[in-house]
Chemist: 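Shown below is the structure under consideration.
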Amino acid sequence: MIQTSLAQRKIALVKVDQRALIDKMLARYSGKFTVFRELLQNADDAGSDTVQICFKSVACQGEEHDTDASPLPDIESTNVREPFLVKRSRCSCADGYLSKVMQWTVRNNGRPFTNDDWDRLTRIAFGNQDSRTIGAFGVGFYSVFSVTENPRVSSNGMVFLTFWCFGDKIISGCKMSFEWDDSQLYFGSYTFPLKSTDRWTTMIELPLRKTRPMPSLLDLMQFLASSITFMEHLTTVQIFFDSHLIGGIEKSSVKLQTIDLPKGLKKSNNKTSIMDVKEIRHDRITIKAATMHTVYKNAITEMVELSIFAARVNITPDKEFHDELVRCMKKAPPPDLEYSLIYTGKDEDGYDQNSGRHSHGDQSHEAASIFQGLRADLNGARHTRIFIGHSTTQTTGIAGHMASRFIPTIERELIDLNEMNVAIYRWNSELLYVGGLLSRAVYEWELSSIQQSWEQGAAGNLDPRQSRELRKQLNQGFLHVLQFFTFHHSTPSPQVSRLLKAAFYGCSSHPLTLLSSVGVRGAPDIRRFDPGFTFLKSLPMLSEYVARDGEAAIASLPGGHEIRSVESSDVQRSLGEPLNGEELVSFLQWWIKLQQENPTWSTENLLHSAIFALGGGKLPLSSIKYFIDPKVLGACIPPDGPLPESLLPLEVYRKFSRGQLASIHWQEFTVIHWLEYLADPHAMSAYPRYDFTRSTDWAEQVLGALSRLWPFLSVAMRRKSKEILEDKCCIPTSQGLLRPDHSYLLAENNNPFHKLELATVQFSSVLQTNQDMESVLVFIGVRTHVPPEVFFDRIEDIRDGSVWILIHYLISVQIPSDDVDKLKSFRIFCEKASVGHTEERPRYCANELYPPMSIFHQLQLPVINWDREWLDDSGEAQLVYRLGLRRFPPLEEMIRLCSSSNALVRRAAFLYFCENLGSNYIDYNPDDFRRVAFIPVENSSREDVQLKTIDDVCLDTQWKALGFSVVTLLTADPDVTLRKLGIRQHPSPTILLDGLRNTPRDKGMASRWFECLADCISSFGEDHRSTLSGMQIVPTSTSGVLQWMTPTQCYLGRPKDEFTRELFTFVVFGTKANDFLRACGSKDEPSVKDLVERLVNDPERFRMVAKGNQGFLAKLRNLATEIKHTPNLNDTLEKMASKHTLLAVHHEYDNQGRVTEVYELRKPEEIVIIDDTKDGELFSEFIWACPHEDLESFYASVGCRKLSMVIKEQYENPTEIEDHETSSAIKDLVLERLPIFLERCTDARPKIPFNSFRDKFTVRVCDTLCISKTFTVGKNTTKTQDVWAATRRDTQAGIELWVSRCHAQRDIYDLAISLCRLVFGTVKGHDALVLAAMLSDRELLKRAGFHVNQDLKKRLCKGDESSALHNMGHSVKGGPVSCRETVGPAKVAVRSPSQIMSQTFISELHVF
């Protein structure tokens, strides 16, 4: 940086276009009465209590008016003359009268101007330094330039001191005026005499830039009403039009009390807060507004009373914050301040828009509009503002105005909440915290007043109507408070309401309190109003009025203060008092609704908590289990009988449906519950009169009720009734009350045993034994017949006829199932005797005999002796069947009969068994009888019928010709029946395999076997098919000799060519037989795997069939292509790698150098792939190579190795010679030509990237360079040779190129081979030739379009590169370099196969 002295610098002032600056500042003022706002604020800062605003009209131009004659004349008698008013045609109201005004004048009686005041007035942005004043920016006064060009300020102070003599008293005075000169502002001052009686200390005269209508008096009065509210000193504002007083506002205040801060309130935001609330004061202000009757049709005197809560806040800033605020505002923060809030209660003037009191007229809505800006705005808080002395455009978000020493933006319309200025943002945000705390304190104070009134009302002797009225008023008052402090979106900055809300809810450790049905409680303890919970008298709940009209306010409560809905746990905690009938109904209605909406909720605990009053006592709801339907059970049971306490009262039941009560898990009280209750020993002892086991009358009533309900009872309920009554002595009989099973209900005309003395049912004349009653009695166990053990003991002789009579009687009396079971053990039946048999026959049980049918006679089975015609569907026959008479022989007995030695019995049994297999013998399982020979069969060798087991026979008759047993078809539908018996359609696979092995073998017999087997091959499992595929069952004829082969060795159909025919065996047996062989593994043509396996198994025959070496190679090419697309050949290829399966070529040289190719089958490990042509020439006499390049990939896949992999190189450590010129020339040549070669002249992929090659490449020069190479296939063969160039790669030394200086010739081809071997890992002859050409001939490269580095030519010799390379190093005399080879221990000298490329050959090589 250049240092200059102060004398050398050119210094000039920055010019400011003052007019443009002031105009741009004024453009930011959006308020309608900004000029009056600033001048009123300045007057209040000066301590003025009165301000006059005068409007001077054009008509009064030049006239002087005295406004002090009457400070506040009778405004009703004051009138403006009509010529001075202009009526707007679009509005007929008083505000429509406007006059052309030429000048505004504002007077105040505050402190007169001091020298500092005059100085600040002439300096823009030099604000008031007094920390207790509102002004801060020093630009507020300049708002007057929005209406005037040359304002004039007069004050009773001294700026420019001038003395005037006036009487015998000297009074000093000064006037200052402003004038514009182009873009600059000038001021001038002069002194003037003042009247000693003049009470105005300051006057600002504003000659308007152009005449304008007088502002709307209503709007101006509204502005003044809201502005004067938070002024510290200003109490009176008067409005004059010329000399006429047309409006005025007066404010008075009364200090009421200091309220206590609620418990748990945090008076500061945090430990680092600079503001601390010390106390909160409650004041009341009264504002009177008066307007002349020209404004309204009748003169109005208005008054409004407002409650103001003011928090006194101490300011204790730290030094860092203090200094930062002074830097931003040019004034220190005040030591304390006040934060005020206008709160208007429910019954105050500021709340009701129609409550403004006026003295004349009936225009209440118009009069009230003067104080519109001060009203509580409960419907969205869109009009309540933040005041900084005067109102700003920033709304509070609640229903009341707030005022404090906020730091505004420069136009004083908004609060500055820009976080970029940390000090100002912190000041304003902490003030907003105070505002939230003040709001919370007022809210809690109001709630405490409501609670006090609530408690007084509860303690007083109020009648129900007075109590309801008091609660209504208190709820209305509470809703007003809640809505007043409901936070809405504030504008234009929503951050104001967010910060106020956060402070309101966060300044206290206690939750918000609200008015509930039991008084003021914390929000978490209160529940939303729900008309279904009127039974919860002790649960705090919002009133219906608050829940309905305050829905939005309740919904806006944040987390931790929200009102929850009533839950089941609340109900359980609140169910302490007994519920009356109406409350019980309400509770049950809620419970039913809860179960419907939340069926998974557990409400069992509620049963144990609820208590209801019953008569004179209390009963827990958990004891209720049943409800009775008066239209069902209630209409049938005796009304005077006892009922359990677990029954829901009937008056409660009528309020619900059966489904609703059932949803509470209560059961309908049924006749079963009634009988159980009556049969309970405790009930019997408690009510002896109603013990149906001792009272015949009560027993008849119980049975009568049961009979009336019996048709409507389910089977389960009937059974339950029987369980209750069957062991009770409850049946009225001729012998008293007896158990049902000891009682009889007999029909006299149908009872052969009527002479027996039995206890018969006997009712009184009132109760009739109708059909329903009989059904009841019979069902619960009353007997309708004599038990078998009774009358059997009385029958002296049972004859055959007596059996039928007995069975017939038992049918008529409908013997119960239990008695039928008892009769099963009685031996009362006889077997039908044969003709002429007269001996006494033994007795049998029914289950030992069969019905008297002809089939059972044919089967020689015992049949029942029945002296009547047997009717199988008659009642007597059905009863005998129930007693155990066999309808058909058991399964085991039937199989025994089928295998009987009696042919007639056997035939009849098999026919019966087959015909009834699907009905009587559905449990038949063939596996249970596989070893039993009961199937009649026939075969080709014998004509008589034999018995065989299931596995030994089949259905298909074609097997009969092959010697298998076929079942005799005896039934009408043999196939279906025999398949149900489990007989196979064909012999089992095991039997067929055995038969196939032992059957005489000839081609015809085999064809018949194959055709039969084709029909049943689907039944063969994988094991059977695998066995078939390996069995030598296919006859083939070779040279007239019959041979047997497995199916997998044969192919079906005709071969596609001669090669396939010679190599494989093809057979033809017919379509059906071929299908069988195909299923056993025969193929239509050989697969690739088959070809490879034939090659592996017999490679010589494969070559012979292929017609020699070339045919063999052609087949290999085809196989190589097919193998790529054939999976699962790994095992076969591994076998191929271990045998002499590949054809290899070997080059033999005679004495004249002629080459002879020798082909031989070799193992893959003995064959190499020539990937280095030079080494291939070097070891050609030892190499068996892959015959063609197109087979190299296939040979490699089966194990053949590349030549480069089986040759090991070893360099004799050369001695480096310092020859910088040679090494540099060769290095430059390689680095120049090699990238061209790699990029454009080869398709090979380098193993070493050229960038790595270039960075690590070094050329070294030595005397001689000798390399030893060992061929490791078979016996190791080693050859050594002197070379001109060789490369070596070392992890430490990098890539080295060694060149021999003593080599007879400089072999560029040698260099190319070494580089190819290094870069590609192998040597392709084509690549080596191209690279050698590129290293040799620059002209060739130029013709191909390559740019050769011209610097190389200068560094090499004058001739071409080959000459330069030829001249490098010392010349070596002698013949060609000798080459030595070593085979084992012996060494024989041989001729080198490599030839040095001549320059002529290189130049003629056209590779580009």
Side-chain angles (χ1 to χ4, degrees), residues 229-230 253-269 275-285 305-313 337-351 374-378 381 384-387 395-404 431-454 474 476-488 490 496-497 499-515 520 522-523 550 553 556-557 561:
T229 303
F230 293 107
S253 62
V254 177
K255 295 184 178 180
L256 298 180
Q257 59 180 330
T258 299
I259 66 174
D260 297 330
L261 291 176
K263 294 181 180 180
L265 213 63
K266 296 181 286 186
K267 296 187 289 184
S268 57
N269 192 7
M275 298 183 184
D276 186 30
V277 178
K278 291 303 181 184
E279 66 176 10
I280 297 177
R281 190 180 68 255
H282 179 205
D283 300 337
R284 182 173 295 279
I285 65 172
E305 293 182 353
L306 301 173
S307 292
I308 293 186
F309 292 86
R312 185 171 65 82
V313 184
L337 55 81
E338 281 193 355
Y339 196 114
S340 301
L341 164 68
I342 292 182
Y343 172 74
T344 50
K346 170 69 176 174
D347 300 324
E348 292 182 306
D349 292 338
Y351 167 65
L374 298 176
R375 306 291 182 192
D377 182 10
L378 302 182
T384 53
R385 311 282 175 160
I386 295 288
F387 283 72
T395 61
T396 61
I398 61 173
H401 299 285
M402 291 181 169
S404 190
L431 264 182
L432 289 173
Y433 175 82
V434 174
L437 182 145
L438 175 61
S439 300
R440 181 65 178 272
V442 174
Y443 176 88
E444 297 292 347
W445 184 72
E446 284 289 319
L447 265 291
S448 65
S449 299
I450 292 175
Q451 176 64 14
Q452 185 177 3
S453 300
W454 183 282
L474 293 179
Q476 290 175 346
F478 162 68
L479 179 59
H480 174 82
V481 178
L482 181 64
Q483 291 179 332
F484 189 96
F485 291 104
T486 297
F487 291 85
H488 304 275
S490 62
V496 171
S497 62
L499 292 174
L500 285 173
K501 183 177 182 180
F504 182 84
Y505 291 103
C507 67
S508 176
S509 58
H510 300 298
L512 194 69
T513 56
L514 296 94
L515 181 60
V520 176
S556 66
L557 295 176
H561 306 273

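Atom set for the values below is all heavy atoms of this structure, side chains included, hydrogens, waters and symmetry mates excluded. Keep in mind it's a predicted model, so treat the numbers as computed, not measured.
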Chemist: I need the single residue from Leu256, Asp283, Val442 that forms a side chain to side chain contact (heavy atoms under 4.5 Å, CB included) with Phe309. Which is it?
Modeler: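 Looking at Leu256, Asp283, Val442, the match for Phe309 under the side chain to side chain contact (heavy atoms under 4.5 Å, CB included) is Val442.
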Chemist: Just so I know, are the side chains of Leu447 and Leu512 near enough to count as touching, which here means a heavy-atom distance under 4.5 Å?
Modeler: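 SC-SC contact between Leu447 and Leu512 ruled out.
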Chemist: Measure the spacing between OG1 of Thr258 and NZ of Lys278 and express it to the nearest 0.5 Å.
Modeler: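 Going from the OG1 atom of Thr258 to the NZ atom of Lys278 covers 14.5 Å.
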Chemist: Please check this pair: side chain of Ser497 against backbone of His488, looking for a donor-acceptor N/O pair closer than 3.5 Å.
Modeler: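 Such a contact is found between Ser497 side chain and His488 backbone.
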Chemist: Quick one, Trp454 and Val520 - any side-chain contact, counting heavy atoms below 4.5 Å?
Modeler: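 With C-beta onward as the side chain, the pair stays apart.
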Chemist: When rounded to the nearest 0.5 angstrom, what distance separates CG in Leu438 from OH in Tyr343?
Modeler: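 If we round to the nearest 0.5 Å, Leu438:CG and Tyr343:OH are 12.5 Å apart.
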Chemist: So, does Ser404 use its side chain to make a donor-acceptor pair with the main chain of Glu338 at under 3.5 Å?
Modeler: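 Pair found, side chain donor or acceptor close to backbone of Glu338.
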Chemist: Start with the C-alpha distance between Arg284 and Ser307, add both sets of side-chain angles, then the distance that settles side chain to side chain donor-acceptor pair (under 3.5 Å), and finish with yes or no.
Modeler: CA-CA 5 Å; Arg284 182 173 295 279; Ser307 292; 3.2 Å; yes
Chemist: May I ask you to decide if Pro511's main-chain N or O and His561's side chain share a donor-acceptor pair within less than 3.5 Å?
Modeler: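 Absent.
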Chemist: With the side chain counted from C-beta on, respond yes when Val277 and Leu265 share a heavy-atom pair under 4.5 Å apart, and no when they do not.
Modeler: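 In short, these two side chains do not touch, never coming nearer than 4.5 Å.
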Chemist: Would you say Leu432 and Val496 make side-chain contact, with heavy atoms under 4.5 Å?
Modeler: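 Yes, their side chains come closer than 4.5 Å.
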Chemist: Whether the side chain of Tyr443 engages the backbone of Thr513 through a donor-acceptor N/O pair (distance < 3.5 Å, no angle test) should be reported.
Modeler: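 Here the side-chain-to-backbone pair exists.
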Chemist: Check whether Glu444 reaches the backbone of Pro262 with its side chain - one donor and one acceptor, N or O, closer than 3.5 Å.
Modeler: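 Here the side-chain-to-backbone pair does not exist.
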Chemist: With a 4.5 Å heavy-atom cut-off, do Phe230 and His401 have their side chains touching?
Modeler: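 Touching, per the 4.5 Å side-chain cut-off.
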Chemist: Atom CZ in Arg440, atom OG in Ser508: separation rounded to 0.5 Å?
Modeler: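 Rounded to the nearest 0.5 Å, the CZ-OG separation comes out at 4.5 Å.
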Chemist: Just to verify, what does His510 make a ring-ring contact (aromatic ring centres under 6.0 Å, His included) with, not counting sequence neighbours?
Modeler: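 With neighbours one apart ignored, the set is empty.
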Chemist: Can you measure from CD (Gln257) to NE2 (His282) and round to the nearest 0.5 angstrom?
Modeler: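 Atom-to-atom, Gln257:CD and His282:NE2 are 6.5 Å apart.
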Chemist: How long is the straight-line distance from CD1 of Ile280 back to CD1 of Ile259, given to the nearest 0.5 Å?
Modeler: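 Rounded to the nearest 0.5 Å, the CD1-CD1 separation comes out at 4.5 Å.
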Chemist: Which distance, rounded to the nearest 0.5 Å, do you find between the OG1 of Thr396 and the CZ of Phe485?
Modeler: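 Nearest 0.5 Å value for the OG1-CZ distance: 10.0 Å.
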Chemist: Within the side chain of Lys266, is there an N or O that forms a donor-acceptor pair under 3.5 Å with the backbone of Gly506?
Modeler: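 Such a contact is found between Lys266 side chain and Gly506 backbone.
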Chemist: Does the Thr384 side chain pair with the main chain of Ala399, one donor and one acceptor, at a distance under 3.5 Å?
Modeler: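 No, Thr384 side chain to Ala399 backbone: no donor-acceptor pair under 3.5 Å.
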Chemist: Quick check: do Ile398 and Phe504 have side-chain heavy atoms less than 4.5 Å from each other?
Modeler: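 Ile398 does not reach Phe504 side chain to side chain.
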Chemist: Of the non-hydrogen atoms in Ala503 and Gly436, which two are nearest, and what is the gap between them?
Modeler: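 Heavy atoms of Ala503 and Gly436 come nearest at CB-CA, 3.8 Å.
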Chemist: Does the pair Leu515 and Val481 meet the rule for a side-chain contact (heavy atoms from CB on, under 4.5 Å), with working shown?
Modeler: CA-CA 10 Å; Leu515 181 60; Val481 178; over 6 Å; no
Chemist: Should Leu337 and Leu431 count as side-chain neighbours, where that means a heavy-atom distance under 4.5 Å?
Modeler: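 Side-chain contact under 4.5 Å: yes.
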Chemist: Less than 4.5 Å apart, side chain to side chain, heavy atoms only: is that true for Tyr433 and Leu499?
Modeler: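 They are not in contact (no side-chain heavy atoms under 4.5 Å apart), so the answer is no.
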Chemist: What are the two closest heavy atoms between Cys507 and Leu437, and how far apart are they?
Modeler: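 For Cys507 and Leu437, the tightest heavy-atom pair comes out as SG-CA, 3.9 Å.
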Chemist: Return the minimal non-hydrogen interatomic distance between Ile342 and Phe484, and the atom names on each side.
Modeler: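 Shortest heavy-atom separation between Ile342 and Phe484 comes out as O-CZ, 3.2 Å.
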